[in-house]
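We name chains A, B, ... by the order of the sequence lines, and we start the count at 1 in each one. For clarity, every value in this text was computed on a predicted model and none was experimentally measured.
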Number of protein chains: 2
Amino acid sequence: MQTFAKNAPMPVVRRLPKYHKYLKELLEEGVTKISSKNLSVRMGSTASQIRQDLNYFGGFGQQGYGYNVSELIVAIEEILSIHEVYRCIIIGAGNLGKAIRNYIMNLDGNAKVLAMFDVDASKTQEKDGEIPVYHTDQLKEYMRKREVDVAILCVPKSSGPQAAQAVIDGGIHAIWNFTTADLSVPEGIVVENVAINESFYVLTYLLSEKQQNQT
Amino acid sequence: MQTFAKNAPMPVVRRLPKYHKYLKELLEEGVTKISSKNLSVRMGSTASQIRQDLNYFGGFGQQGYGYNVSELIVAIEEILSIHEVYRCIIIGAGNLGKAIRNYIMNLDGNAKVLAMFDVDASKTQEKDGEIPVYHTDQLKEYMRKREVDVAILCVPKSSGPQAAQAVIDGGIHAIWNFTTADLSVPEGIVVENVAINESFYVLTYLLSEKQQNQT
DNA sequence: TAGATTGTTAATCGATTAACAATC
DNA sequence: TAGATTGTTAATCGATTAACAATC
């Protein structure tokens, strides 16, 4: 079984999904091979970085030829583990929770939302699409019965840490955190933060910087 | 008028909101002063980095004492331009659009959602909270009449570039992009991407890496 | 074979950390 | 004053870019 070079730098890992995306576009356009140079032009990066990045994981190209688009897609999907199906639950069935649920259901199917949980009992009434919404009280029991890989936190800021603790107690493997809370989790649990608020402040910073430059 | 050091490195800028957040927490706890050392312990960073970061923008501390919490908060809010009110429109009134609308309305009021737009005429019927939802056809006219700072793109992938073009034509200053599309915009327009899909692939990568390490 | 382009090593650049003189 | 802690310069570390031999 193939083992990937462990501990590739995170900046490299975070670029892989972008490579994947551009390669899929190329595939749709019917392009079968691409050189690091041409890909770099399309992506606005450097050929050197692309080659360097890919070689953390293996030699996927061929000298004098370039990269076979569909093969490289498969390779990246394997690295990112896109082919596996991850069982998810969403904590918080408000607009954000629903948005993420829809989003995931449109993802190529490598994530499956098993259930949603909410403290608001009224939300548990509506059978939301196909996905059942349970009261948070039932979370513990639910996680005892079913294997869950990823908990997606879509609760308000104040409930963040408490929701995290609940899924950790339930034996979760990974948390996709959409709250503004900084979660402290035990060793071995994967946390990926989507810090929407921070993103907005960066935007306002850039806006004000731009306005200053114009004056 | 004070001018900030231009072109602070983006890694530094992206850390500022986190400083802000932790300082606000300290303020709530009644802490009035903090040293870079103590703050670094709380945040899991280094004292050196904190001092280095802040000094891109000015000397906000005092030797032998540390930083005055509330003064530093004000300083960071000024740097990030958090005190200003930004007029936003949301393109796409689905769950994600609504989630972002709610989110912004809970933000300390430095952003104001003026209106939402959607191609689905049925969505324009519901008067959503206080925020009106218009048909996308009316966007051009709307932007002629009102000054808008930020367009928030919450449309499906395929409509991304087209929605971006519409707000660019309308004279937008900044785009907060929640679509997976890579937008190419003219010089001078600020774009901040929230790449949710990339974030999920990073999570699955980390999960699979973890599983391999356990074997 | 000649041309193209990779994989990989070496050079550069930028960001983080360490150290310490300045000073409250 | 003595102790603490900043602001800032210097040292280190890591990531990106450049270069080129290997090879398809």
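Shown here, D:dC24 forms a base pair with C:dG3; the pair counts as Watson-Crick or G-U wobble because both key distances fall under 3.5 Å. In this entry D:dT17 has C:dA10 as its Watson-Crick or G-U wobble partner, both defining distances falling under 3.5 Å.
Distance alone, capped at 3.5 Å, places no donor-acceptor pair between the B:T179 side chain and the B:K157 backbone.
In this model, the phosphate group of D:dT17 is approached by a side-chain N or O of A:T46 to a distance below 4.0 Å at OP1 or OP2. Taking 4.0 angstrom as the limit, B:Q62 places none of its side-chain polar atoms (N or O) nearer than this to OP1 or OP2 of D:dT6. In terms of phosphate contacts, B:R15 brings a side-chain nitrogen or oxygen within less than 4.0 Å of OP1 or OP2 of C:dT16. A:Q63 has no side-chain polar atom (N or O) that falls below the 4.0 Å cut-off from OP1 or OP2 of C:dA4. Side-chain N/O atoms of B:S36 include one lying less than 4.0 angstrom from OP1 or OP2 on D:dT6. Between B:Y67 and D:dG7, a side-chain N or O to OP1/OP2 separation shorter than 4.0 Å is present.
Rounding to whole angstrom units, NZ of residue B:K33 and C1' of C:dC24 are separated by 11 Å. Atom CZ of B:F57 is separated from atom P of D:dG7 by 14 Å (rounded to the nearest Å). Counting to the nearest Å, the C1' atom of D:dT5 and the CG atom of B:N55 are 12 Å from each other. Look at CG on A:L72: it is 14 Å from C1' on C:dG7, rounded to the nearest Å. Following rounding to the nearest Å, A:R51 (CZ) and C:dT8 (C1') show an atom-to-atom distance of 9 Å. In this structure, CE of B:M10 is placed 18 Å from C1' of D:dT16, rounded to the nearest angstrom. Summarising the geometry, the separation between CG on B:L54 and P on D:dT6 is reported as 10 Å, rounded to the nearest angstrom. Counting to the nearest Å, the P atom of C:dT5 and the CD atom of A:Q49 are 20 Å from each other.
Where A:G64 and B:G61 each meet DNA chain D at their nearest nucleotide, the meeting point lying more 5' is that of B:G61. Judged by closest nucleotide on DNA chain D, B:A47 is the one of B:A47 and A:S48 placed further toward the 5' end.
For the 3.5 Å distance criterion, the side chains of A:Y201 and B:S81 fail to qualify, holding no donor opposite an acceptor. No donor-acceptor contact under 3.5 angstrom links the side chains of A:S184 and A:D182, judged on distance only.
Between B:W176 and A:F200, the angle of the ring planes lies from 30° to 60°, which puts this pair in the tilted group.
Side-chain N/O atoms of B:Q52 and base N/O atoms of D:dT9 include a donor-acceptor pair closer than 3.5 Å.
Within 6.0 Å of CD in B:E29 there are more than 12 heavy atoms belonging to other residues, nucleotides or ligands.
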